[in-house]
Amino acid sequence: MEQANPLRPDGESKGGVLAHLERLETQVSRSHKQSEEQQSVQAQEGALGTKIHKLRRLRDELRAAVRHRRASVKACIANVEPNQTVEINEQEALEEKLENVKAILQKPLRIHHHSVPVFIPLEEIAAKYLQTNIQHFLFSLCEYLNAYSGRKYQADRLQSDFAALLTGPLQRNPLCNLLSFTYKLDPGGQSFPFCARLLYKDLTATLPTDVTVTCQGVEVLSTSWEEQRASHETLFCTKPLHQVFASFTRKGEKLDMSLVS
Amino acid sequence: MDETIAEFIKRTILKIPMNELTTILKAWDFLSENQLQTVNFRQRKESVVQHLIHLCEEKHASISDAAQLDIIYMQFHQHQKVWDVFQMIKGPGEDVDLFDMKQFKNSFKKILQRALKNVTVSFRETEENAVWIRIAWGTQYTKPNQYKPTYVVYYSQTPYAFTSSSMLRRNTPLLGQALTIASKHHQIVKMDLRSRYLDSLKAIVFKQYNQTFETHNSTTPLQERSLGLDINMDSRIIHENIVEKERVQRITQETFGDYPQPQLEFAQYKLETKFKSGLNGSVLAEREEPLRCLIKFSSPHLLEALKSLAPAGIADAPLSPLLTCIPNKRMNYFKIRDK
C-alpha cells in the first residue's frame, strides 16, 4: 500500500486509499461477472444437452415408426390385415350413400314445394325437362325467373325514378311483358306526348321483341319529330327501359344548359 | 240521380257496419274529404245514411259509381259468398300471354253486352294483379238486377278465376265464355273446389300454402318438439305409449307439414259403390246396383280438424288419403266409383 504523499492535499490522500478500494471493488465485480458468465454458459450447455437428448429420442421413435410402417405395408401386400377391413367398410358405406342419392334422382321426379310466382310457366318447363334433364330444367327456370326479374326492375325504375317524364300511369301486367305508357321529353313544354307500347314475346329476354312509338294527337309528323319517334323506337328495342329514360333526362339537362348560356 | 240508384246506394251503405263505414267510403273515393267532414258519424245510422245519399245526389252518382261501392263492400265481406274456382285452358301452340288489361276489359264487356244488351259490368283492379269484376244481369227486355250480381276475381296471366256462386245459374255458360275469350284461352273447366274463404282457395290453387321451407339446420329432433307433453315434467313419469305417440306425430307432420292449413269449411264425398261385405249371403252384397250415398264433413276449419284427429286419438294414423289429398289435389268435392 502506498503511503499518502505529504505534498498532496487531503482529497488526493483519500484518492490513494479510495482508489485502491475502487480497484479492489472492480476486481471483485469482474470476478463475479466471470463466474456468472460461466454459470450461464453452463446452464446453456445443460439446456442444449437435454434438447439433444429429446431430439435423439424423437428420432429413435420416428425411426421405429417408419420401420413398423414398412413392415405392415409389406404384410398388407401379402395378407389381409385388420386395419384394411375398417377401410373397406368406410368405402362400402360411401358407395351405399351414392347409390341412395342416385336412386332418389332416378325416381319419377316431382316438384314437392315451390315458391315460384304463379305466372311463371313452371309446369310447362317441368313437363319438358324435369324427367329427362334436371340441369336443363333448372337452367330454363333460372332463365325465366331472371328475365322476369329484369323486366320488373325496368318497369319499377321507370315508375319510381322517371315519373316526371310520364304523362299518365304505366300500364303493366304481372309478367311485365306488356308495357304501355305516354311520355314527354320536356314535361311542361308544348310538345305532343309520345305513346310507347313494348311487347316482350320472349319470356327469357329482358329487351322487348316489338316496340311501337306513336305521337299522340298528331296525324302527320314533321321530319324532325318523325326522326325522333323512329330513334326512340330503336332505343327501346336495344337498351333497357330505365337507361333510355336516363339518357332522355341527360339530353334534357344538356338542352337546359344551352338555354342558360 | 235516379230513384233506383239512390235506393241501391242506400241499401248498400245500410249493409256496412258502422265501424267500417269511414274506411269503405275512403276506399270508394267518390265523396270528397270536405263532403265527408260534414257528416256526423255518431248519429243514428239512418240519419248518417240519409246525409250520405244527399251528398251522392249532389255529386250525381251513376250506376257505375254505385257498382264500385258494391264491389268494395264485397271485398271487405268476402266470406258472405261461397266461391267457385274455374280453370281455363290454353289452346295448343298458343302464343305467349301478352295480357293487356284494357283489351281484356273491353273484350269481356263487349261479349256480355252483345249477348244480353242489358248488363252492368264493372271492374276494380287490386294490387295483387287481380281484377274484381261485378256483373249485374238483365235480359234483352229487362233492366239489370243490381241486387243479385255475380262477382269474379281473375288473376291475370294465370288460368284461374274465382266466382261467387250465383243464384242465376243460367248465366254461368255466358260468363265462362266471356272470361275465356277475353283472356285468350280456349276452354274453361269448373274445379271441384269450393269455399267461403277466397284467400284459402287462392293459396290452394296457387300452391302457396306450404311456403315454410326447411333449411338444412332446422330439423329438430322429435324429443325437442312439444308433443303436448311438458318437457319440464317430473322425470319419474313415463308415458307407456310414447313410441306410438311419436309415430303419430311424425306421420301427421309428414302429411300435413308444419305450416298453417288453408281454411275450408267442408268436404263432400259422393259414393257410388257396390256393397262389400265379408259375410256371404248378405242381402246388400247381392245387389247389382251400386249404393249411392253422400258423406259431408263440416268444420269451421276442416283441414286443421283433420290434422288433429290422429294426435287426439280419434283416428288412426295415417289418415285415409281421401281426406289428406284435399289441398294437394285442389278438390273438396269427390265422386267415388268402383273401378
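Chain identifiers are assigned alphabetically (A, B, ...) following the order of the sequence lines, protein sequences preceding nucleic acid strands; residue numbering begins at 1 within each chain.
Residue-environment remark: NE2 (A/His136) exceeds the threshold of 12 foreign heavy atoms within 6.0 Å. With a 6.0 Å radius and a threshold of 12 heavy atoms from other residues, nucleotides or ligands, A/Lys152 has its NZ atom at or below the threshold. The environment of CD in A/Gln243 is crowded: more than 12 heavy-atom neighbours from other residues, nucleotides or ligands sit within 6.0 Å. Taking a 6.0 Å sphere around CD of A/Gln135, one finds it holds 12 or fewer heavy atoms contributed by other residues, nucleotides or ligands. The neighbour count for B/Lys59 NZ, taken as heavy atoms of other residues, nucleotides or ligands under 6.0 Å away, is above 12. Heavy atoms of other residues, nucleotides or ligands lying less than 6.0 angstrom from NZ of B/Lys105 number more than 12.
Of all non-hydrogen atoms in B/Phe99 and A/Asn173, the two that sit nearest each other are O-ND2, 2.9 Å. Between B/Leu98 and A/Asn177, the closest heavy-atom pair is CD2-O, 3.2 Å.
The choice from B/Asp100, B/Asn328, B/Thr158 that makes the most heavy-atom pairs within less than 4.5 Å of chain A is B/Asp100. When each of B/Val205, B/Val96, B/Asn129, B/Asp97 is checked for heavy-atom pairs under 4.5 Å with chain A, B/Asn129 comes out on top.
Here B/Gln103 contributes atom CD and A/Leu178 contributes atom CG; the two are 7.5 Å apart, rounded to the nearest 0.5 Å. To the nearest 0.5 angstrom, B/Lys207 atom NZ is 7.5 Å from A/Glu123 atom CD.
Proximity to chain B (any heavy atom under 4.5 Å) is shown, for A/Leu175, by both the backbone and the side chain. Neither the backbone nor the side chain of B/Glu125 comes within less than 4.5 Å of any heavy atom of chain A.
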